[in-house]
Amino acid sequence: MIETDIVIIGAGPVGLFTVFEAGLLKLRCHLVDVLPRPGGQCIELYPKKPIYDIPGFPDILAEDLVYNLLKQGEQFQPGFTLGESVISLQKQIDGRFLLTTDKHTQLIAPVVAIAGGLGCFQPRKPEIARLETFEQKGIDYSVKHPQDYQHKKVVIAGGGDSALDWTVCLADYVSELTLVHRRNAFRGAPATVDHVQSLVRQGKVTLCTPAEVVALHGDGHLEAVTINHNQQDKQLKVDHFLPLFGMSPKLDVFREWGLNLEKNAIVVNPRDYQTNIPGVYAIGDVNTYPGKLKLILCGFHEATLMCHAAFEMINPGVKSSLRYTTVVGVEGFDGTHKPAHKSVLKSFE
């Protein structure tokens, strides 16, 4: 039985930053994630992609952000249960929550913070025959290392931010790049759309709209795709096909726990991001409330307010002392800066 102050479900950037904010209040955290290492979507979907809206960093690679968050929180010695998924949550007589994973690990804490993360999501897959046959054999739903596509022929399908961002990123790596979208208009950020159009004019990207990939070809590995463009089929030789249609949430387990859901997200009170179950909070992309923005920056803000609400719940009648770290600095639970969890950090070094 693992006992802690806050069990964080999801070890993505928002979950990792929660460790730091909770640590300032002397609250211990234990993180659970279905993935084998921390980082969430930043590590699994776009580790080499630059992020531009983190304060103080004009740009930072997603994997570097995760590493920095781990370093920032290590003095508070968080626990990690990785490669496991929480499948049950039960309120105990003493008011704490008992959580059990699919590998029978049990955790108990007075506060639970659901921090979204990849464990709650799966890629949206197009309905194309033999799709699963070529998964990881030419078909990828995310880009982990752009250099894997060096000098390759690549087709990207999609019209949102993910498809557009990776079109821009991979244009300098591949030998041929084709972007396929069902409509002429795109859903991504206007600046990125303009960048893609510039690459098209430069001859670095071939744009097919309105169009769809309708068939896959190959023997053991993807060799070609059929694209229906302007009602006509044409076959194109490729090494990789990237259907980047975003992620769809898997929230059935949260519904079973009795949490209120709305449009595939957990409804929370924007005052402290508490759900309809007292003591259970939801922060980051997994939650919803009026004015919600799905940004890492907003998730950091939500984590901060949630931790202060958690402190008041765990310590009724005790006023938290908000510390200004630029003045007093940060120290671990034992008053030192002794690092912890080198095994977690090692995979990032």
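Excluded from the calculations below are hydrogen atoms, water molecules and symmetry mates; all remaining heavy atoms, backbone and side chain alike, are included.
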Donor-acceptor side-chain pairing of [X] and [Y] below 3.5 angstrom:
X	Y	value
Glu262	Thr288	no
Thr226	Asp233	no
Tyr141	Glu135	yes

Inter-residue atom distance [X].[atom1] - [Y].[atom2], 0.5 Å rounding:
X	Y	atom1	atom2	result
Ile54	Asn68	CD1	CG	10.5 Å
Thr304	Glu21	OG1	CD	3.5 Å
Asp53	Asp59	CG	CG	11.5 Å
Cys208	Leu179	SG	CG	8.5 Å

Partner set under salt bridge (charged side-chain N to carboxylate O under 4.0 Å, His left out) for Asp140, not counting sequence neighbours
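In terms of salt bridge (charged side-chain N to carboxylate O under 4.0 Å, His left out), with neighbours along the sequence ignored, Asp140 is linked to no residue.
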
Decide yes or no for [X] and [Y]: does some side-chain heavy atom of the first lie under 4.5 Å from some side-chain heavy atom of the second?
X	Y	answer
Asp239	Tyr149	no
Leu131	Ile139	yes
Leu216	Leu222	yes

Where the side chain of [X] meets the backbone of [Y], is there a donor-acceptor pair that is under 3.5 Å apart?
X	Y	value
Thr4	Arg28	yes
Ser175	Lys152	yes
Thr275	Val280	yes
Thr167	Ala163	yes
Asn315	Phe311	yes
Gln92	Gln90	yes
Asn260	Val267	no
Asn287	Val268	no
Thr101	Thr105	yes
Arg271	Leu305	no

Taking every non-hydrogen atom, the tightest pair across [X] and [Y]:
X	Y	answer
Phe76	Leu24	CZ-N, 3.8 Å
Asn276	Leu259	OD1-CA, 3.4 Å
Ile43	Pro38	CG1-O, 3.5 Å
Met313	Val111	SD-CG2, 4.3 Å
Ile314	Asp5	CD1-O, 3.9 Å
Phe17	Ala303	CD2-CB, 4.3 Å

Is it the case that more than 12 heavy atoms not belonging to [X] sit under 6.0 Å from its [atom1] atom?
X	atom1	answer
Glu132	CD	no
Gln231	CD	no
Gln147	CD	yes
Lys137	NZ	no

For the hydrophobic clusters of this structure (ILVMFWY residues joined by side-chain heavy atoms under 4.5 Å, transitively), does one cluster hold both [X] and [Y]?
X	Y	value
Val214	Phe245	no
Val193	Leu199	yes
Trp166	Val238	no
Val66	Phe80	yes

Is a salt bridge present between Arg96 and Glu3, judged by a nitrogen-to-oxygen distance below 4.0 Å?
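The answer is yes: the pair qualifies as a salt bridge.
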
Salt bridge check, Glu302 against Lys292: does any charged N sit closer than 4.0 Å to a carboxylate O?
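So Lys292 pairs with Glu302 through a salt bridge.
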
Sequence neighbours left out, what pairs pass ring-ring contact (aromatic ring centres under 6.0 Å, His included) with at least one residue falling in residues 186-228?
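Applying ring-ring contact (aromatic ring centres under 6.0 Å, His included) to every pair that reaches into residues 186-228, excluding sequence neighbours, yields His181-Phe186.
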
Ring centroids only, cut at 6.0 angstrom: are Tyr289 and Tyr273 within range, meaning strictly under it?
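Ring centres of Tyr273 and Tyr289 closer than 6.0 Å.
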
